[in-house]
> 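Here it is: the structure, laid out below.
Residue numbers start at 1 and run along the sequence shown.
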Amino acid sequence: MKEFSEGQFDVCVIGAGHAGCEAALACARCGQSVALLTLNLDSIAFMACNPSVGGTGKGQLVREIDALGGEMAMNADETALSLRVLNSSKGPAVRSLRCQSDKEAYHARMKHVLEYEKNIRIIQCEAEKILTDGGKVTGVLTTYGGVITCGAAIVATGVYLNSRTITGEVISESGPNGFMRSTHLSENLAALGHVMRRLKTGTPARVHYRSIDLEKCVRQDGDENLSPFSYMSEGPVKSKMPCHLTSTNEHTHDIIRNNLGRSPLYNGVIESSGPRYCPSIESKVVKFGDKEHHQVFIEPEGENSAEAYIQGMSSSMPHDVQAEMYRTVPGLENAEIMRYAYAIEYDCIDGLEIYPTLESKKIKGLYFAGQINGTSGYEEAAAQGLMAGINASLAVRGKDPVILGRDEAYIGVLIDDITTKGSEEPYRIMTSRAEYRVKLRQDNADFRLTEIGRGVGLVTDERYERFLERKRKYEEAQKELEGRISPAEAEKTLSLHGMDRPSGGLSFSDLIRKGVTAAEIQSTYGILTNIPGDVLETAEIDIRYEGYIKRSDEEIEKARRLEEKKLSEDIDYSKIEGLRLEAREKLDKVKPASLGQASRIYGVNPADIAVLMIWLSSRGRKK
């Protein structure tokens with residue numbers, strides 16, 4: 001194959017899924033020239049599984065991506081079919097926005113945004129090699145012989161790397177949805193020193209809507225008057241199409257049990273690990289044998305599509321078994337399956353082989369983002385793509401990287417988990433993973449991160465002005481809520497809530513702490529009239545939960561002291577007396593940047609941290 005020049009760029013992004021799109025846009029909007037490689041232009045931002053954005057923990061990620069200047073939130077708002085707030089009856093720390101997206105519209109809009117970004121050149125091709133010189137990236141070679149010269153490369157190959165789809169006895173050498181796969185890059189990454197691993201995920205069938213008896217299902221309309229994902233979107237996003245709920249039954253489960261011998265998950269064909277929190281219907285029936293039914297959600301794929309996504313019934317069973325089991329579900333008795341379910345296996349790397357900047361520990365200038373790092377989900381991928389793009393952009397400009405802490409963002413939790421703890425299965429973000437979640441809410445993402453996005457060059461003047469205006473309104477709300485009322489007025493309000501007469505006058509903030517809502521205060525006392533609802537929500541939460549927030553701040557300060565105790569990358573842990581063998585091995589593999597990061601490594605216990613603290617102290621005295 002004759003090599004030729006495809007051009008010179010600051011950054012080359014390999015893959016145009018949700019990670020690659022954010023990575024390319026981040027670099028381009030920061031002023032860098034970008035080559036974006038994709039196996040097929042029709043697969044840009046393709047939603048291979050559920051066409052939805054957000055959800056528990058994920059909604060927080062989307063808001064954070066937006067606050068930093070990313071694109072996913074705006075794309076979701078523009079193409080939303082139905083929106084709901086999950087965990088709305090629970091505390092604000094675990095509430096998350098989720099939208100059902102129009103699959104084709106989501107792809108089309110993101111493709112349009114990329115095509116009209118002046119600093120991006122999109123090339124349909126396959127990457128074959130990362131070119132290096134002296135342990136540093138110099139370019140990317142395509143299978144067609146094209147040489148892309150660049151100062152940094154971001155690998156965002158999703159589930160396409162050496163992938164194969166599996167349905168019963170049929171195995172296809174392909175990517176998701178019949179798209180071609182990437183067959184060369186895995187070997188090259190291994191040659192560069194990365195240990196390649198194998199993971200698995202899957203998707204359910206798509207059924208024609210005309211064949212579904214929706215009268216047998218429970219209709220689920222979207223919530224109304226919800227604030228959009230993006231701070232740049234105008235007004236509430238309206239829900240256009242409903243979802244429906246049904247469930248499996250014992251008949252469904254019997255069919256699955258009787259055919260486990262034909263299931264690739266149970267007959268040895270699939271050996272790789274799948275996502276724990278999004279298991280196949282076979283896995284649910286086997287692992288939860290005492291459950292009489294499992295929920296099934298029927299969700300639209302698009303306004304102009306007749307396909308219904310059957311969430312909750314992911315499978316790799318043969319087609320004949322799928323047809324039989326789907327038709328036992330109420331409402332699906334006459335289901336016309338348009339696309340059958342399948343499992344997909346693919347190559348990825350160990351997250352412990354990358355720094356918290358998402359740069360490779362093996363090759364300088366090589367970054368990884370998305371499912372290549374062992375994660376699952378569009379939102380997790382987009383968050384990593386954004387950070388990889390930011391840090392690659394900063395690196396080629398000779399500037400220091402941005403690393404978000406666990407106390408700053410869910411993005412920080414996500415990246416710290418995969419680079420410090422690793423994962424033997426596809427990693428999914430959850431609110432339970434964030435120890436400071438009372439501070440990392442979706443309603444305050446802009447207050448936490450917009451200044452950082454502004455600092456790296458991603459937040460535009462318009463976006464920044466909106467942030468400043470929202471901040472001004474928040475401060476105005478807080479000031480108004482400091483106003484006081486007489487004991488008589490307070491008694492009148494509190495009596496409506498069955499509370500005793502106060503001993504003296506109270507502030508409006510005191511009323512909120514006692515359980516009175518800001519909306520009630522607004523209507524009763526005629527204050528806060530110029531405060532938008534989303535701003536008032538944040539102000540109210542901060543007042544009502546200030547005790548928890550203060551306690552969280554104290555815990556963050558303690559943790560920060562450990563983070564400030566830096567560890568050099570060249571420490572030989574095998575020579576530190578008192579460390580257990582497992583701790584030495586794990587510390588040597590991860591090469592933690594601080595005692596704080598070391599304390600979060602699996603296999604390193606508090607006693608090992610105490611040994612490290614003593615060792616650091618003694619080394620400091622010697623110096």
> Quick one, I255 and M317 - any side-chain contact, counting heavy atoms below 4.5 Å?
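A side-chain contact is absent here, since even the closest heavy-atom pair is not under 4.5 Å.
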> Quick one: CD on Q322 to CD1 on I310, what's the gap to the nearest 0.5 Å?
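The CD1 atom of I310 is 11.5 Å from CD of Q322, to the nearest 0.5 Å.
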> Salt bridge (charged side-chain N to carboxylate O under 4.0 Å, His left out) between R600 and E563: does it pass, once the steps are laid out?
CA-CA 11 Å; R600 297 187 294 274; E563 297 296 336; 2.6 Å; yes
> Quick one: CZ on R276 to OG on S423, what's the gap to the nearest 0.5 Å?
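R276 atom CZ to S423 atom OG measures 8.5 Å (nearest 0.5 Å).
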> Is there side-chain contact between L511 and I521, with at least one heavy-atom pair below 4.5 Å?
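SC-SC contact between L511 and I521 confirmed.
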> Is E469 salt-bridged to R463, cutoff N-O under 4.0 Å?
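No, this pair does not count.
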> Could you check Q60 against S96 for side-chain hydrogen bond (donor to acceptor under 3.5 Å, both in side chains), going step by step and ending with a plain yes or no?
CA-CA 6 Å; Q60 282 85 335; S96 305; 2.8 Å; yes
> Going by atom types only, do E78 and Y106 share a side-chain donor-acceptor pair under 3.5 Å?
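No, no side-chain donor-acceptor pair sits under 3.5 Å.
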> Evaluate the side-chain proximity of N75 to F229: yes if any heavy-atom separation is below 4.5 Å, no if none is.
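No, their side chains stay 4.5 Å or more apart.
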> Which residue in the set K471, R454, R472 passes salt bridge (Lys or Arg N to Asp or Glu O under 4.0 Å) when paired with E465?
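Among K471, R454, R472, the one meeting salt bridge (Lys or Arg N to Asp or Glu O under 4.0 Å) with E465 is R472.
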> So, do K439 and D553 sit near enough that their side-chain heavy atoms are less than 4.5 Å apart?
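Sidechains of D553 and K439: in contact.
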> Could you tell me which non-hydrogen atom of F297 sits nearest to which non-hydrogen atom of L245, and how far apart they are?
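Distance-wise, the nearest heavy atoms are CE2-CD1, 3.6 Å.
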> Mind checking the SG-CG spacing from C21 to L25? Nearest 0.5 Å is all I need.
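Going from the SG atom of C21 to the CG atom of L25 covers 7.0 Å.
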> Take atom NZ in K240; do more than 12 heavy atoms of anything else shown fall under 6.0 Å from it?
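Yes, the 6.0 Å shell around NZ holds more than 12 heavy atoms from other groups.
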> Could you go through the side-chain hydrogen bond (donor to acceptor under 3.5 Å, both in side chains) check for E451 and Y464 one step at a time?
CA-CA 8 Å; E451 291 287 3; Y464 192 59; 2.9 Å; yes
> Taking all non-hydrogen atoms of both residues, which atom of S101 and which atom of V53 are closest, and how far apart?
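In terms of heavy atoms, the two residues are closest at OG-CG2, 3.7 Å.
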> Can you confirm whether the side chains of S52 and E299 place a donor and an acceptor under 3.5 Å from each other?
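E299 and S52 do not have a side-chain donor-acceptor pair below 3.5 Å.
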> Are any of the side-chain heavy atoms of C49 and Y309 separated by less than 4.5 Å?
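Yes, close enough: below the 4.5 Å cut-off.
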> Might you point out which heavy atoms bring M325 and T252 nearest each other, and give the distance in Å?
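Distance-wise, the nearest heavy atoms are O-CG2, 3.7 Å.
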> Give the intermediate values and the outcome of salt bridge (charged side-chain N to carboxylate O under 4.0 Å, His left out) for residues R84 and D221.
CA-CA 8 Å; R84 298 185 72 188; D221 290 304; over 6 Å; no
> Measure from the side-chain N and O atoms of S280 to the backbone N and O of S283, and report whether any donor-acceptor pair falls under 3.5 Å.
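At least one qualifying donor-acceptor pair exists.
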> Could you check whether any side-chain heavy atom of D510 comes within less than 4.5 Å of a side-chain heavy atom of V516, counting everything from C-beta outward?
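A side-chain contact under 4.5 Å is absent here.
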> Are the side chain of R484 and the backbone N or O of G505 linked by a donor-acceptor pair below 3.5 Å?
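Checking the backbone N and O of G505 against the side chain of R484, a donor-acceptor pair under 3.5 Å is found.
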> Run the salt-bridge test on R441 and D542 with the 4.0 Å N-O cut-off and return the result as yes or no.
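Yes, R441 and D542 are salt-bridged.
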> Taking atom types as modelled and ignoring hydrogens, do the side chains of N177 and R339 form a donor-acceptor contact shorter than 3.5 angstrom?
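R339 and N177 do have a side-chain donor-acceptor pair below 3.5 Å.
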> Checking D66 side chain against Y231 main chain: does a donor-acceptor pair fall under 3.5 Å?
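At least one qualifying donor-acceptor pair exists.
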> Kindly determine whether K479 and E475 satisfy salt bridge (charged side-chain N to carboxylate O under 4.0 Å, His left out), including the steps that lead there.
CA-CA 6 Å; K479 187 174 182 179; E475 291 168 352; over 6 Å; no
> Assess the side chains of T248 and H253: does a donor N or O sit below 3.5 Å from an acceptor N or O?
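T248 vs H253: donor-acceptor pair found between side chains.
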> Do R95 and N87 meet the criterion of a side-chain donor-acceptor pair at a distance under 3.5 Å?
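No pair is found: no donor N or O on one side chain lies under 3.5 Å from an acceptor on the other.
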> Is the Lys NZ or Arg CZ of R433 less than 6.0 Å from the centre of Y427's six-membered ring, within 45° of the axis?
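Geometry flag: set, cation within 6.0 Å and 45°.
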> Would you please test K216 and E333 for salt bridge (charged side-chain N to carboxylate O under 4.0 Å, His left out) and show each step?
CA-CA 10 Å; K216 294 183 179 179; E333 293 89 348; 3.3 Å; yes
> Looking at E462 and R466, is any side-chain nitrogen of the basic one under 4.0 Å from a carboxylate oxygen of the acidic one?
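Salt bridge present between R466 and E462.
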> Checking D416 against T420: is there a side-chain donor and acceptor pair closer than 3.5 Å?
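Checked: T420/D416 side chains pair up, N/O donor to acceptor below 3.5 Å.
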> Looking at E379 and K58, would you say the former's side chain and the latter's main chain have a donor-acceptor pair under 3.5 Å?
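Absent.
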> Would you give the length of the straight line joining atom CG of L481 to atom CD of E476, rounded to the nearest 0.5 angstrom?
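Answer rounded to 0.5 Å: 10.5 Å.
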> With the threshold set at 4.0 Å, does a side-chain nitrogen-carboxylate oxygen contact exist between E408 and R448?
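Salt bridge: no.
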> Donor-acceptor pair, S211 side chain versus H208 backbone, under 3.5 Å?
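Pair found, side chain donor or acceptor close to backbone of H208.
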> Roughly how far apart are R210 CZ and E336 CD, rounded to 0.5 Å?
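Between R210 CZ and E336 CD, I get 4.5 Å after rounding to 0.5 Å.
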> Is atom NZ of K284 surrounded by more than 12 heavy atoms (other residues, nucleotides or ligands) closer than 6.0 Å?
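Atom NZ in K284 is packed in, count exceeds 12.
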> Any Lys/Arg nitrogen of R406 or D417 sitting under 4.0 Å from an Asp/Glu carboxylate oxygen of the other?
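Answer for the salt bridge query: yes.
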> So, E520 versus H497: side-chain donor-acceptor pair below 3.5 Å or not?
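Yes, a side-chain donor-acceptor pair sits under 3.5 Å.
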> If you take all heavy atoms of A490 and L506, which pair is closest and at what distance?
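Distance-wise, the nearest heavy atoms are CB-CD1, 3.9 Å.
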> I'd like to know if the side chain of E425 and the backbone of S273 have a donor-acceptor N/O pair within less than 3.5 Å.
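Looks like no, no N/O pair under 3.5 Å.
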> Between A26 and I390, which heavy-atom pair has the shortest distance, and what is it?
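What the structure gives for the nearest pair is CB-N, 4.1 Å.
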> To the nearest 0.5 Å, tell me how far L97 CG sits from L83 CG.
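Taking CG in L97 and CG in L83, the distance rounds to 5.5 Å.
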> Please give me the minimum heavy-atom distance between A205 and I337, naming the atom from each residue.
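Between these two residues, the closest heavy atoms are CB-CG2, 4.0 Å.
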> Using only atom types and a distance under 3.5 Å, with no angle test, would you say the side chain of Q384 pairs donor to acceptor with the backbone of E380?
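Flag set: sc Q384 to bb E380 pair under 3.5 Å.
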> Could you check whether any side-chain N or O of T538 sits under 3.5 Å from a backbone N or O of D443, counting only pairs where one atom can act as donor and the other as acceptor?
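Such a contact is found between T538 side chain and D443 backbone.
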> Would you mind reporting whether P92 and Y545 have side-chain heavy atoms less than 4.5 Å apart?
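In contact.
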> Can you check whether Q311's main-chain N or O pairs, donor with acceptor, with N50's side chain at less than 3.5 Å?
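Between the backbone of Q311 and the side chain of N50 there is no qualifying donor-acceptor contact (under 3.5 Å).
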> Whether the Q371 and S376 side chains hold a donor-acceptor pair (N or O, under 3.5 Å, no angle test) is what I'd like checked.
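There is no such pair (donor and acceptor under 3.5 Å, judged by atom type) between the side chains of Q371 and S376.
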> Mark yes when over 12 heavy atoms from residues, nucleotides or ligands other than E557 sit less than 6.0 Å from its CD; otherwise mark no.
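Yes - once you tally the heavy atoms of other residues, nucleotides and ligands closer than 6.0 Å, there are more than 12.
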> Show the numbers, then the answer: is there a side-chain hydrogen bond (donor to acceptor under 3.5 Å, both in side chains) between S315 and E282?
CA-CA 7 Å; S315 178; E282 300 99 285; 3.1 Å; yes
> With no hydrogens and no angle check, is any side-chain donor or acceptor of H18 less than 3.5 Å from a backbone partner on G377?
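No, H18 side chain to G377 backbone: no donor-acceptor pair under 3.5 Å.
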> Should K550 and E546 count as an ion pair when the cut-off is N to O under 4.0 Å?
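Answer for the salt bridge query: no.
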> Are H107 and M47 close enough that some pair of their side-chain heavy atoms sits under 4.5 Å apart?
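No; the side chains remain at least 4.5 Å from each other.
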